Each structure stands twice: as C-alpha cells, then as structure tokens.
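Values in this document were obtained by computation on a predicted structure and should not be read as measured data. Atoms within each ligand, like the ligands themselves, are counted from 1 in listed order.
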Amino acid sequence: MDWDTLNTDLKRLKLRRIRELLSQEAIGEALSSFEDPIEMVGYLIGEEVSARDETQREKRLKGARFPVEKTLDEFDFGAGVSICEEAIRSLENMEFLANRENVVFLGPPGIGKTHLAIGLGTIAVETGYSVRFITAGRLIDALYASLADGTFKRELKRLAGFDLLVIDELGFLSLDRTASDHFFQVINAAYERQSVILTTNRPFQEWAALFDDAITVSAILDRLLHRAHIFNMKGESYRLRGHATATSEEVKHLA
Ligand code: ADP
Ligand code: MG
C-alpha cells in the first residue's frame, strides 16, 4: 500500500495520532524495532487511545468552565478553617458521583467554598466525568433567558446532562417566584440522576428568605439533602486570615 492511500484511509478512520506517527521520517526505524507485529499494532493503537483520552479530557475541562484553576492539594486545611480534611479526602475517589450524592459547602465569604468545589470538580474531570460549573446567578439568568426564547426545557435537559453540576454562590440574591421554581426544577431534574455541588453563604434556616415560598424551599432541601455531604465551614476569610497571621508574627517580632 502506498503512503497516499494509507494516509487517506487513516484520515477516513480519524486515526489522527497514528497518521501523525506514521508520517514521521524516523517511524520506519522505530517500528522495525518491534519483533512481534501484534506488539507494534498495540503500540500504535495505544498511542491513538491516549491521544484521544487527552483530547476528551481537555474538552471536558473546557466544558466545565471553571472560573479559575484550583486543586485540593493547594487547599491549606491547617489555615484555621473548621473543615475535616479526611471528609474532603474521602470524596476524592469520586464515589459520591457514582452514587449520585450531593455536596454542600456552607459558610461565610472567602472561606474556601468555591476553591473546594472547583478542586472536587477538577478531579471529576480527570476521572472522566462531565462537569459544568455555574454560579447560581448565571443559572437563574440563563433559565430566564431560555424562557423568553422558548428553549427552557432544552436548557434544563442540557444542564441535567452533566454528571456533575457545580452551583456556586447561592444566596447573594433573593429569588422571585419564577426563579425559585426554576431552581427547584434544576434540583429536581438532578435528583438521583446527577450530583450537585452547591456553595452558599446562607445557612439552611435562612433559605426560606431566599426563595419565594416555604413549599419550594422544603421541596428543594428535601431533594438536595436526601443524600448529601454537608460541610458547615466556620472561620475567617482566607485573605483576612493571612493578614491576621502576618500581624501576630509582627507582634512576636516586636515582643
Ligand atoms: P468562598 O467561595 O468561600 O467565598 P473562595 O474559595 O473563593 O472562598 O476563597 C477565596 C480565596 O482564598 C481563593 O483564592 C482561594 O483559593 C483562597 N483560599 C480560601 N481558603 C483557602 C485555604 N484553606 N487554603 C488555600 N487557599 C484558600
Ligand atoms: Mg465562592
């Protein structure tokens, strides 16, 4: 078989990595070093598979739309925040995703809720799950907009299509009746079908003030908390904590 035909066939079969390898000058030599032809084919196929895995991973990472890069390893559990490292670490194996369980981070601003949510979401991407990060505000805006142009159902279905939905910053604004209902529909669609990681600065007792009516709140909490890992984070803002440490160091120096 001449190279042009092979090249065309590889193109048709979308074997991009193999095509790339075979078009390299030195490839003949490299392939002739394989004694076993099966091993040689295995090498080429293996290269194709890892290249595709990498492409998929990059696609998933882009699709997740994390606002910044954050990893769990960068999180300082000793920084004075009341959160159990072991409990977070126990989520790293992504079993909570396989079991469609939710994770809720509650706590004041700057304490690391978004950081942990992105950290877990990133592991999910690496593990092969599809993830979508969205702030509660944008989620509500998007659903309002979809209502206007008649794509609400499609939008809801699209959101429910991810293995993991990360909803960040619930609680910065109160939701009117329509928005409360939309939020309920998202949580209801997710219920036992996908996992949700939610971050909020409002304790559950205050959710009644957040949503339009008590029935919607209890319906949301019912589904969200049915199988959930809840982290009630207490402490100071990480940035403020940084200042506090610097100050006490300075005080030590002065003493
Ligand atoms: P929240 O979502 O709770 O308001 P963030 O997760 O946005 O807080 O944290 C604010 C900033 O401080 C981020 O840059 C985050 O990476 C950092 N941060 C917060 N807590 C920690 C921590 N314990 N270790 C390392 N960085 C932290
Ligand atoms: Mg945040």
Side-chain angles (χ1 to χ4, degrees), residues 61-92 94 96-97 101-126 129 131-143 159 162 164-175 179-180 182-183 186-187 190 194-207 209-211 220-221 224-225 228-250:
L61 192 60
K62 225 173 147 210
R65 306 210 206 159
F66 295 126
V68 283
E69 274 180 41
K70 295 284 173 189
T71 64
L72 287 191
D73 289 337
E74 288 160 0
F75 195 83
D76 180 2
F77 287 91
V81 57
S82 69
I83 191 151
C84 175
E85 176 167 7
E86 268 170 49
I88 294 287
R89 294 287 178 193
S90 75
L91 298 174
E92 272 182 322
M94 296 291 119
F96 80 96
L97 268 181
E101 292 161 0
N102 302 323
V103 179
V104 181
F105 293 110
L106 297 150
I111 204 163
K113 303 183 297 296
T114 303
H115 186 137
L116 291 172
I118 295 174
L120 286 173
T122 305
I123 299 175
V125 165
E126 304 288 345
Y129 288 106
V131 180
R132 175 74 158 93
F133 177 104
I134 190 165
T135 62
R138 292 207 59 162
L139 177 73
I140 294 304
D141 285 351
L143 289 172
L159 289 167
F162 294 94
L164 171 64
L165 196 57
V166 182
I167 305 175
D168 195 34
E169 286 184 359
L170 178 73
F172 281 105
L173 50 142
S174 294
L175 310 183
S180 296
H182 286 176
F183 193 82
V186 171
I187 299 300
Q194 72 183 149
S195 290
V196 173
I197 296 181
L198 182 92
T199 85
T200 178
N201 57 355
R202 299 271 201 121
F204 296 125
Q205 309 88 275
E206 288 179 22
W207 281 33
L210 203 59
F211 293 95
I220 289 170
L221 285 176
L224 189 68
L225 304 186
H229 305 263
I230 298 158
F231 295 92
N232 214 333
M233 298 167 71
K234 293 195 179 75
E236 275 181 61
S237 155
Y238 187 72
R239 288 183 217 104
L240 297 181
R241 256 181 268 148
H243 286 299
T245 321
T247 314
S248 64
E249 295 275 278
E250 281 160 21

So for ligand 1, is [X] a polar contact partner (N or O within less than 3.5 Å, distance only)?
{"X": "F75", "result": "no"}
{"X": "F77", "result": "no"}
{"X": "P109", "result": "no"}

Any salt bridge linking R89 with E92? Criterion: basic side-chain nitrogen under 4.0 Å from a carboxylate oxygen. yes
Can you tell me if R202 has over 12 outside heavy atoms packed within less than 6.0 Å of its CZ? yes
Looking at E69, I want to see if its CD is surrounded by more than 12 non-hydrogen atoms of other residues, nucleotides or ligands under 6.0 Å. no
Roughly how far apart are F183 CZ and I167 CD1, rounded to 0.5 Å? 4.5 Å
In terms of ring plane angle, is the pair F211 and W207 parallel, tilted or perpendicular, where the classes change at 30° and 60°? tilted
Using heavy atoms and a 4.0 Å limit, tell me yes or no: is G107 in contact with ligand 1? no
Heavy atom under 4.0 Å from ligand 1: found in E74's side chain, backbone, both, or neither? backbone
Below 4.0 angstrom from a heavy atom of K70, which ligand 1 atoms are there? Numbered from 1 as shown, please. 13 (C), 14 (O), 15 (C), 16 (O)
Run through the protein N/O/S atoms less than 2.8 Å from the Mg ion (ligand 2) and write them out by chain and number. T114 OG1
Side-chain contact, heavy-atom cut-off 4.5 Å: N232 with F204? no
Within the side chain of D168, is there an N or O that forms a donor-acceptor pair under 3.5 Å with the backbone of T199? no
Work out which heavy atom in F77 is nearest to a heavy atom in L72; give both atom names and the distance. CE1-O, 4.2 Å
Among T114, T199, D76, N201, which one puts a heavy atom closest to atom 7 (O) of ligand 1? T114
Pair V68-I118, side chain to side chain contact (heavy atoms under 4.5 Å, CB included): steps then yes or no: CA-CA 8 Å; V68 283; I118 295 174; 3.9 Å; yes
